[in-house]
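Chain A is the first sequence line, chain B the second, and so forth, proteins listed ahead of strands; every chain is numbered from 1.
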2 protein chains.
Amino acid sequence: MAPATDPEPPVGRSVGRSVGRPVVRSGEDEVDRIVAAWRRERPDLDVEPLTVLSRVTRLARHLDLARRASFARHGLEAWEFDVLSALRRDGAPYQLSPGALLTQTLVTSGTMTNRIDRLAQRGLVRRQKSPADRRGVLVQLTDEGRARVDAAMSDLLDVESNLLAGLDESGRARLADLLRDVVAPLDAS
Amino acid sequence: MAPATDPEPPVGRSVGRSVGRPVVRSGEDEVDRIVAAWRRERPDLDVEPLTVLSRVTRLARHLDLARRASFARHGLEAWEFDVLSALRRDGAPYQLSPGALLTQTLVTSGTMTNRIDRLAQRGLVRRQKSPADRRGVLVQLTDEGRARVDAAMSDLLDVESNLLAGLDESGRARLADLLRDVVAPLDAS
DNA sequence: CGAGATTACCTCGACGTCGAGATACCGCCG
DNA sequence: CGGCGGTATCTCGACGTCGAGGTAATCTCG
């Protein structure tokens, strides 16, 4: 992950924004300070990409913390939610192969085997033999697992909504659109 | 981290964007599919926050991969760069206490001790006793460490610039501003 | 039909991180 | 000066992930 930070007291260097927003001006953030430090130390570099991507990294970190806290209220770890939610949103009968879960959660196969083991042990999923392929396994959500993930999902959306409190409806929509423009080409490749 | 995904073939459900961009329309992305799945399975929930935050998570993941690849070209691991870059951007004499590095990299103290050990072993940093406080330690970049991190930083900025290729200058600026509005209150707290 | 390539999943050792606790030291107050 | 809470850093065992390799079943063609 990208450097995070919280160094020196807000010494507030001038920063310069390419596009001015005339009215409200939210305060300088950590990334402004990091970018200013790099400009001072490496004036030869164009550090503009950091203004976007370091914020993405920091936001992802905040989100991660908020997610953990939210899931903990429902007795779930973040990795458990990742697996259960993939099963849940696939719809009834809430079953997917380990392979499908791999691609959805972006972990390696060894990790997924381990996760399924532990989830099965906790009674949140069930391992079943694939009827079509004797190599295959199907992982199915139990009623308990579904109840947990449904509760956790509601809670998560509340938490996420709070994280976005700094933006109004239109800001969120614009942000989503801009992010899609960035992410779509990457997902495609 | 939030669910990632790559499930079913692009069955392209209708999605509906709150704010239309009239001209160019980049394709549907993975998050559009995840959101559509949740709308189908949990029509009782307002999943709008996912349109922003799941993209943030996915973008952070892509960024992480790109960073790793970039650093590897300079013989660095991502965690090594995180430490070295904090030292580098602080400016000469490129030294910080382990405690300062902790807050900047957001890892725990045990982890930082371990990182410093390994970086020192590789000759990229030096451990020195703090002159003022006998409990204290100062971690200083070696010439070798500085050379590495400088090279890696140039490369990283190129890579990041490419990740943002989907956006023009004004899009990047708008994105940075919107992200600041979200992140600033979180950093503050 | 059958050998080789491919696919699905699991095994297992190495590694980095966490986090509670230990240690050494600082600085304030009486 | 002596005690005590606070601070800076390190120690160490538990844990989750990676990823290369293994086993078993399926598929592809000749």
Legend entry - Interatomic distance, B:T51 atom OG1 to B:I34 atom CD1 [nearest 0.5 angstrom]: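 Atom-to-atom, B:T51:OG1 and B:I34:CD1 are 12.0 Å apart.
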Inset, instruction - Hey, could you give me the CZ/OG distance between B:R42 and A:S154, rounded to the nearest 0.5 Å? - result: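 The distance works out to 4.5 Å.
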Legend entry - Protein-to-nucleotide contact annotation, 5' to 3' order, nucleotides 4-15 of chain D [B base; S sugar-phosphate only; - none; under 4.0 Å, heavy atom]: --BBSSBB----
Inset, instruction - Give every residue pair that meets the salt bridge (Lys or Arg N to Asp or Glu O under 4.0 Å) criterion with at least one member in residues 107-120 of chain A, sequence neighbours excluded. - result: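 The answer is A:D117-A:R127.
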Inset, instruction - Report the residue from B:R67, B:R68, B:R61, B:H62 that forms a side chain to side chain donor-acceptor pair (under 3.5 Å) with B:D64. - result: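 By the side chain to side chain donor-acceptor pair (under 3.5 Å) criterion, B:D64 pairs with just one of B:R67, B:R68, B:R61, B:H62: B:R68.
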Legend entry - Results of side-chain hydrogen bond (donor to acceptor under 3.5 Å, both in side chains) for B:T108 - residues two or more places apart only: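 If we apply the side-chain hydrogen bond (donor to acceptor under 3.5 Å, both in side chains) test to B:T108, skipping adjacent residues, the hits are B:T111.
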Separation of [X] atom [atom1] from [N] atom [atom2], in whole Å?
X	N	atom1	atom2	answer
B:L119	C:dT17	CG	P	10 Å
B:E77	D:dT17	CD	P	19 Å
A:L106	D:dG19	CG	C1'	16 Å
A:R68	D:dG16	CZ	P	12 Å
B:L101	C:dT17	CG	C1'	17 Å
B:Q121	C:dG16	CD	P	11 Å
A:R134	C:dC10	CZ	P	17 Å
A:K129	C:dC10	NZ	P	12 Å

Inset, instruction - Look at atom CG of A:D143 and say whether more than 12 heavy atoms of other residues, nucleotides or ligands are closer to it than 6.0 Å. - result: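 Count not over threshold, so no.
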